[in-house]
Amino acid sequence: MERIFNPLNTTTNRSTEIVNQIKSNLLDGTLKPGDKLPTEAELTEQFGVSRTPLREAIKVLESIGVITIKRGSGMFITNNPSHFSLNPLVFSLIMHSQNLDKLIEFRQHFEVMMIHVIKSNWSREKINRIEKVYNYQVKTLHPDLPPERLAEIDLEFHYAVLEATENALIIEIGKTIYELYKPKMIQSKQSGSIDKTLKAHKMYLDTLSEKDTPLEESEIEEMIRFNREWLIGE
C-alpha cells in the first residue's frame, strides 16, 4: 500500500502523534470517509513504532468515532466522521484530557464563563428549565442506583445549563468536557456523593437565579475545590 504516514520524530507521546497525523490527513483530504487504513503491520512500519502506541492511538480514534474496525476486513475511516470529532479544539481537549487536575481547573473556569453568558441574556424561562432538571434529580438520585446511572443523572443538570447559554460553540465544547469527565465521575460515584452533588447543583442554580448578582472569586475557588476533592480525593 502507498505510504501515507511519516515516521514519528519523537520518542515520547507516540500515540498522540499518531492520532495527530491521522487527524491531519483527514482535515487536508489525504484520507476520506470510507477509506481503508493500512494493516496494523503496515502502520507500525510507516510510523516506525511498536504495536503498543499504535493500538493506543487506534483505541482513541475508535472511541470518538473517527475510525471503525470491521472484523475480518480491517480498519476504516468512518463513513460520516462528525464535525464534532474532527474539530481541532475539541480534538485538543480530548488529547490533553489525561491531566485531570488541569481539566478540573479548565472546566470550572469554563462554567464561570457559562454563568456570565446566561446572566447576560437572563430569562426566568431558562432558570425554570434548569430548576425543573434539578427537582427531577432530587427525586431520582438514589443510593441504590448504579454509578453509571448516577453519573448520567448528574450530567443532565450540566447539559441543561449548557443549553441555557444558547451558544453552539459553548455547547459543543461543554459536551466534550463532560464526556471527558464522565468515566472519572462513574469511578467516584458512591451513594454518599449524592448529597454533595445536590448541594453543588443547588448552589449553581441559586447563582444563576440571581440575575444581577456577580459571581464572587471565593465561589469560583469553592467550586474548583469541591471538584478536586470529589474526583481526586485531595
Please evaluate residues I58 and I69 with respect to the criterion side chain to side chain contact (heavy atoms under 4.5 Å, CB included), reporting the C-alpha separation (whole Å), side-chain torsions for both, the decisive distance (0.1 Å), and the verdict. CA-CA 9 Å; I58 294 302; I69 299 175; 4.0 Å; yes

Working note: F110 + I177, criterion side chain to side chain contact (heavy atoms under 4.5 Å, CB included); need CA distance, chi angles, decisive distance, verdict. CA-CA 9 Å; F110 180 84; I177 293 171; 3.8 Å; yes

M113/I170 under side chain to side chain contact (heavy atoms under 4.5 Å, CB included): CA gap, chis, key distance, verdict: CA-CA 9 Å; M113 178 190 68; I170 293 175; 3.9 Å; yes

Please report the C-alpha distance between K132 and N128 in whole Å, then the side-chain angles of each, then the deciding distance to 0.1 Å, and finally whether the side chain to side chain contact (heavy atoms under 4.5 Å, CB included) criterion is met. CA-CA 6 Å; K132 184 178 180 180; N128 288 344; over 6 Å; no

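Side-chain atoms of R51 and E40, non-hydrogen and from C-beta on, do get closer than 4.5 Å to each other. In this structure the side chain of L61 never reaches within 4.5 angstrom of the side chain of K23, judged on heavy atoms. Under the 4.5 Å side-chain criterion, counting only non-hydrogen atoms from C-beta, W122 is in contact with I127. T68 has its side chain out of reach of E62: every pair of non-hydrogen atoms, C-beta onward, lies at least 4.5 Å apart. Put simply, the side chain of T197 does not reach to within 4.5 Å of the side chain of I153, judged on heavy atoms.
Here the closest non-hydrogen pair linking V117 and S120 is O-OG, 2.6 Å. When all heavy atoms of P143 and I194 are compared, the pair lying nearest together is N-CD1, 3.5 Å. In terms of heavy-atom proximity, P7 sits nearest to Q21 at O-NE2, 4.5 Å. The shortest non-hydrogen separation linking P33 to I77 is CA-CG2, 3.8 Å. Considering every non-hydrogen atom in both T165 and L162, the closest pair reads OG1-O, 2.7 Å. Scanning all heavy atoms of the two residues, the minimum distance from M114 to V161 falls at CE-CG1, 4.1 Å.
Listed by first and then second residue, the ring-ring contact (aromatic ring centres under 6.0 Å, His included) pairs involving residues 3-39 are F5-F47 (not counting sequence neighbours). Residue pairs meeting the ring-ring contact (aromatic ring centres under 6.0 Å, His included) criterion with at least one member in residues 20-40, sequence neighbours excluded, do not occur.
For D35 (side chain) and F76 (main-chain N/O), no donor-acceptor pair under 3.5 Å exists by modelled atom type. In this structure, K211 contributes its side chain and R124 its backbone to no donor-acceptor pair below 3.5 Å. Remark: the backbone N or O of A164 is paired with a side-chain donor or acceptor of K126 at under 3.5 angstrom.
Taken to the nearest 0.5 Å, the CG atom of L141 stands 9.0 Å off from the CD atom of E156. Rounded to the nearest 0.5 Å, atoms NZ (K36) and CG (L31) are 14.0 Å apart. Note that OG1 of T140 is 12.5 Å distant from CD of E152, once rounded to the nearest 0.5 Å. Atoms CD and CG, on E17 and L8 in that order, are 4.5 Å from each other to the nearest 0.5 Å. From N13, atom CG reaches atom CD1 of I18 across 11.0 Å, with rounding to the nearest 0.5 Å. Atom NZ of residue K119 and atom OG1 of residue T213 lie 5.5 Å apart, to the nearest 0.5 angstrom.
Applying the salt bridge (charged side-chain N to carboxylate O under 4.0 Å, His left out) test to E210 and every residue at least two apart in sequence or in another chain returns nothing. For T30, the side-chain hydrogen bond (donor to acceptor under 3.5 Å, both in side chains) criterion is met by D28, not counting sequence neighbours. Among residues two or more places apart in sequence or in another chain, the salt bridge (charged side-chain N to carboxylate O under 4.0 Å, His left out) test is passed with E56 by none.
The only option from E45, Q46, E42 that meets the side chain to side chain donor-acceptor pair (under 3.5 Å) definition with R3 turns out to be E45.
For R129, the CZ atom sits in a packed shell: over 12 heavy atoms of surrounding residues, nucleotides or ligands are nearer than 6.0 Å.
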Would you mind writing out the side-chain donor-acceptor pairs for residues 198-208 within the sub-3.5 Å range, not counting sequence neighbours?
residue, atom, partner, partner atom, Å
H201, ND1, Q137, OE1, 2.9
H201, NE2, D154, OD1, 3.1
H201, NE2, H158, NE2, 3.2
K202, NZ, D206, OD1, 2.9
K202, NZ, D206, OD2, 3.1
T207, OG1, M203, O, 2.9

